[in-house]
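Accompanying notes for the structure given below.
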Amino acid sequence: QVQLVESGGGFVQPGDSLTLSCTASGRTTNSDTMAWFRQSPGKEREFVAAVFRNYGRAYYSDSVKGRFSISKDNAKSTVSLQMNSLKPEDTAVYYCALGQRLILSSLQVPGSYDYWGQGTQVTVSS
């Protein structure tokens, strides 16, 4: 079993920055994939970014590319999401996810992930 705990959500104004963090504990491995998804009311859970723990390559959705940055610290079993130039449409509950047998083609599919955090609210509004 793996436990994921997110932190760092909050209320910010458009153009502001915010950093989310996720700490994994339990039976993690260096081949895990860690990702961030988000979900707004009435919408499906949406892929935001992911990083492979073993070689660190990052992937982003088109909607956040160039504004968000995902990073990992394998020693601390954490993954962070640096969010810059936030927009009102970034408002959502952000979820950390971990997958232990992911392939590249399934990276953006929520059902491919084995474990989820409880979510943290990010609200962007003036």
Side-chain angles (χ1 to χ4, degrees):
Q1 284 287 343
V2 173
Q3 295 77 41
L4 302 174
V5 178
E6 302 108 332
S7 62
F11 185 101
V12 296
Q13 294 187 336
D16 284 354
S17 298
L18 200 62
T19 301
L20 306 181
S21 294
C22 174
T23 300
S25 61
R27 300 172 69 91
T28 62
T29 73
N30 284 335
S31 61
D32 294 342
T33 301
M34 296 189 75
W36 289 95
F37 286 77
R38 65 187 182 187
Q39 189 167 20
S40 303
K43 294 187 177 181
E44 294 186 352
R45 195 163 293 191
E46 173 193 19
F47 171 79
V48 175
V51 61
F52 288 95
R53 292 188 67 188
N54 52 3
Y55 63 96
R57 183 169 179 178
Y59 297 84
Y60 300 93
S61 68
D62 289 341
S63 62
V64 307
K65 198 172 295 181
R67 299 188 297 123
F68 290 12
S69 176
I70 189 171
S71 61
K72 63 180 181 67
D73 184 335
N74 287 346
K76 297 180 180 179
S77 294
T78 60
V79 63
S80 298
L81 185 69
Q82 173 68 42
M83 304 184 293
N84 299 323
S85 302
L86 283 162
K87 305 175 181 179
E89 50 264 43
D90 295 318
T91 295
V93 177
Y94 283 70
Y95 295 92
C96 178
L98 184 147
Q100 296 190 312
R101 289 169 294 279
L102 255 69
I103 58 176
L104 189 57
S105 61
S106 63
L107 205 62
Q108 301 190 25
V109 180
S112 301
Y113 291 80
D114 302 291
Y115 302 99
W116 292 85
Q118 80 286 355
T120 185
Q121 177 71 45
V122 173
T123 303
V124 185
S125 176
S126 56

Minimal non-hydrogen separation, [X] against [Y], with atom names:
{"X": "S77", "Y": "T28", "value": "OG-OG1, 4.1 Å"}
{"X": "M34", "Y": "C22", "value": "CE-SG, 4.1 Å"}
{"X": "L18", "Y": "G8", "value": "CG-O, 3.5 Å"}

Going by side chain to side chain donor-acceptor pair (under 3.5 Å), name the residues that satisfy it together with [X], two or more places apart in sequence or in a different chain.
{"X": "D73", "value": "none"}
{"X": "T29", "value": "S31, D32"}
{"X": "S71", "value": "none"}

Name all residues meeting the side chain to side chain contact (heavy atoms under 4.5 Å, CB included) criterion together with [X]; count only those two or more places apart in sequence or in a different chain, and write none if there are none.
{"X": "S17", "answer": "Q82, N84"}
{"X": "E44", "answer": "none"}
{"X": "K43", "answer": "S40"}

Could you measure the distance from the [atom1] atom of [X] to the [atom2] atom of [Y]? Nearest 0.5 Å is fine.
{"X": "K72", "Y": "T33", "atom1": "NZ", "atom2": "OG1", "value": "11.0 Å"}
{"X": "D16", "Y": "S85", "atom1": "CG", "atom2": "OG", "value": "9.5 Å"}
{"X": "T120", "Y": "L81", "atom1": "OG1", "atom2": "CG", "value": "11.0 Å"}

Verdict with reasoning, Q121 to F11, per side chain to side chain contact (heavy atoms under 4.5 Å, CB included): CA-CA 8 Å; Q121 177 71 45; F11 185 101; over 6 Å; no
Between [Y] and [X], is there a side-chain heavy-atom distance shorter than 4.5 Å?
{"X": "F68", "Y": "L86", "value": "yes"}
{"X": "T78", "Y": "S21", "value": "no"}
{"X": "L20", "Y": "M83", "value": "yes"}

Over 12 non-hydrogen atoms of neighbours within 6.0 angstrom of CD in E89: yes
Shared-cluster residues of V109, by chain and number - hydrophobic side chains joined below 4.5 Å: none
Backbone of S126 reached by a side-chain donor or acceptor of Q13 within 3.5 Å: no
Partner residues of K87 under the salt bridge (Lys or Arg N to Asp or Glu O under 4.0 Å) criterion, sequence neighbours left out: none
F52: partners by ring pair (Phe, Tyr, Trp, His ring centres under 6.0 Å), with sequence neighbours left out: Y55, Y59
Using residues 91-107 as the side-chain source, report each donor-acceptor pair under 3.5 Å to any protein atom, sequence neighbours left out, with the distance given to one decimal.
residue : atom : partner : partner atom : Å
T91     : OG1  : P88     : O            : 2.9
T91     : OG1  : V124    : N            : 2.8
T91     : OG1  : V124    : O            : 3.3
Y94     : OH   : R38     : NH1          : 2.9
Y94     : OH   : D90     : O            : 2.6
Q100    : NE2  : R27     : O            : 2.9
R101    : NH2  : D114    : OD1          : 3.4
S106    : OG   : I103    : N            : 3.4
S106    : OG   : I103    : O            : 2.9

Within residues 35-91 or reaching into it, pairs that qualify as disulfide (SG to SG under 2.5 Å) - sequence neighbours excluded: none
Under 3.5 Å side-chain donor-acceptor pair for S125 and T123: no
Summary of ring-ring contact (aromatic ring centres under 6.0 Å, His included) pairs that have at least one residue in residues 12-49, sequence neighbours excluded: F37-F47, F37-Y113, F37-W116
